[in-house]
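Notes to accompany the following structure.
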Amino acid sequence: KVGWYNAVLQPTFRLPYPDDTLAFVVLSTPSMFDKALKPFVNKERLKIIRDPVDQCVSHHLSRVKEKFPDQKVDVIFDYEILPSRKPKFLAQTAAHVAGAAYYYQRKDVKLDPWGKKKMYGVCIHPKYGGWFAIRGLLVFPDIQVPFLEQSAPVDCVSTEEKRIELLEEFNFHWQDSRYRDIIEVKERYSEEQKAYFATPPAERFKLLGLTQEAQ
């Protein structure tokens, strides 16, 4: 429910819907690269003019929207920002309140060892660890679900030591992706997918065989 999300945020980040409004958080799993992105690029290569992953997600979520012709569906993407430069929604908070993935923050560490350092939080999925992404939000403004019960996310990094390790790996060594394996995972990115996301965005077009013109 939108109200679960709004309840934990400052007014500037709240979504403009009644508390009982139904919303879905959309995650991409490791297999998205082979099952969605590569087929999309092969089919739409001449139409790709911005980030291929963003366009692929946009394509698939617009298809979801078409499945509900009688419903209003508002789609908010993880990369969208407001004129104030704030994100349109806080993806990790949304995933946490929806029970999709646990958002670990420094407040989850009792004896905080970082002093004045800025420490960013990170979501961990009980099945995929850090090998997933939060791609968007589907809001159904005309559907109210007052009786929907909230499910807590799975607290899969439950010890103090592991939480400290997770936040340090994510904040100081995120490039090597070790934080993603903080728990035992069922599936992770393929080597090809790791290489793609490790490549600077401007050079990813070449990896996908897209021409400079398309870029």
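From a predicted model like this one, the values you see are computed outputs, not experimental measurements.
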Minimum heavy-atom distance between [X] and [Y], given as atom pair plus value:
X      : Y      : result
Phe205 : Pro52  : CZ-CD, 4.3 Å
Asn171 : Trp174 : O-CD1, 4.2 Å
Cys123 : Ala95  : SG-CB, 4.2 Å
Ala23  : Val2   : CB-CG2, 4.2 Å
Ala100 : Leu27  : CB-CD1, 4.1 Å

Atom pairs and distances, donor-acceptor, side-chain atoms in residues 104-113, under 3.5 Å, two or more places apart:
| from | atom 1 | to | atom 2 | distance (Å) |
| --- | --- | --- | --- | --- |
| Tyr104 | OH | Asp155 | OD1 | 2.7 |
| Tyr104 | OH | Cys156 | N | 2.9 |
| Tyr104 | OH | Val157 | N | 2.8 |
| Arg106 | NE | Asp112 | OD2 | 2.7 |
| Arg106 | NH1 | Lys117 | O | 2.6 |
| Arg106 | NH2 | Asp112 | OD1 | 3.1 |
| Arg106 | NH2 | Asp112 | OD2 | 3.0 |
| Arg106 | NH2 | Gly115 | O | 3.2 |
| Asp108 | OD2 | Gln105 | N | 2.8 |
| Asp112 | OD1 | Trp114 | N | 2.9 |

Quick note, side chain to side chain donor-acceptor pair (under 3.5 Å) partners involving residues 123-146, not counting sequence neighbours, are Thr21-Gln144, Ser28-Arg135, Trp131-Asp181

Determine which pairs satisfy side chain to side chain donor-acceptor pair (under 3.5 Å) with at least one residue from residues 52-72, sequence neighbours left out, and list them in order. Lys72-Asp74

Applying side-chain contact (heavy atoms from CB on, under 4.5 Å), can you list everything that pairs with [X], at least two apart in sequence or on another chain?
X      : answer
Ser84  : Leu82, Lys86
Ala98  : Val25
Gln175 : none

Could you tell me if the side chain of [Y] sits less than 4.5 Å from the side chain of [X], heavy atoms only?
X      : Y      : answer
Val145 : Phe147 : no
Ser177 : Tyr189 : no
Leu137 : Phe77  : no
Val73  : Val139 : no
Val53  : Met32  : yes
Asp78  : Ile134 : no
Phe170 : Met119 : no

Is [X] linked to [Y] within one hydrophobic cluster, defined over Ile, Leu, Val, Met, Phe, Trp and Tyr using a side-chain heavy-atom separation of less than 4.5 Å?
X      : Y      : answer
Val185 : Tyr103 : no
Phe68  : Phe24  : yes
Val154 : Ile183 : no

Salt bridge (charged side-chain N to carboxylate O under 4.0 Å, His left out) with [X]: which residues, sequence neighbours excluded?
X     : value
Glu44 : Lys47
Glu80 : Lys88
Arg14 : none

Distance-only criterion, 3.5 Å: show the donor-acceptor pairs between side-chain atoms of residues 5-13 and protein atoms not counting sequence neighbours.
| from | atom 1 | to | atom 2 | distance (Å) |
| --- | --- | --- | --- | --- |
| Tyr5 | OH | Leu90 | N | 2.7 |
| Asn6 | OD1 | Leu15 | N | 2.7 |
| Asn6 | ND2 | Leu15 | O | 3.0 |

Looking at Lys162, is its backbone amide N or carbonyl O close enough to the side chain of Thr159 to form a donor-acceptor pair, meaning the two atoms are under 3.5 Å apart? yes

Keeping the roles fixed (side chain from Glu169, backbone from Arg178), state whether a donor-acceptor pair exists under 3.5 Å. no

Determine which pairs satisfy salt bridge (Lys or Arg N to Asp or Glu O under 4.0 Å) with at least one residue from residues 17-26, sequence neighbours left out, and list them in order. Lys1-Asp20

Can you tell me how far CZ of Arg163 sits from CD of Glu161, rounded to the nearest 0.5 angstrom? 10.5 Å

Enumerate, atom names and distances included, each donor-acceptor pair closer than 3.5 Å involving a side-chain atom of residues 191-198, sequence neighbours excluded.
| from | atom 1 | to | atom 2 | distance (Å) |
| --- | --- | --- | --- | --- |
| Glu191 | OE2 | Lys194 | NZ | 3.0 |
| Glu192 | OE1 | Lys38 | NZ | 2.8 |
| Gln193 | NE2 | Pro30 | O | 2.9 |

Does the ring centre of Tyr179 sit less than 6.0 Å away from the ring centre of His173? no

Tell me, please, whether Phe33 has Lys35 positioned over its six-membered ring: NZ or CZ under 6.0 Å from the ring centre and within 45 degrees of its axis? no

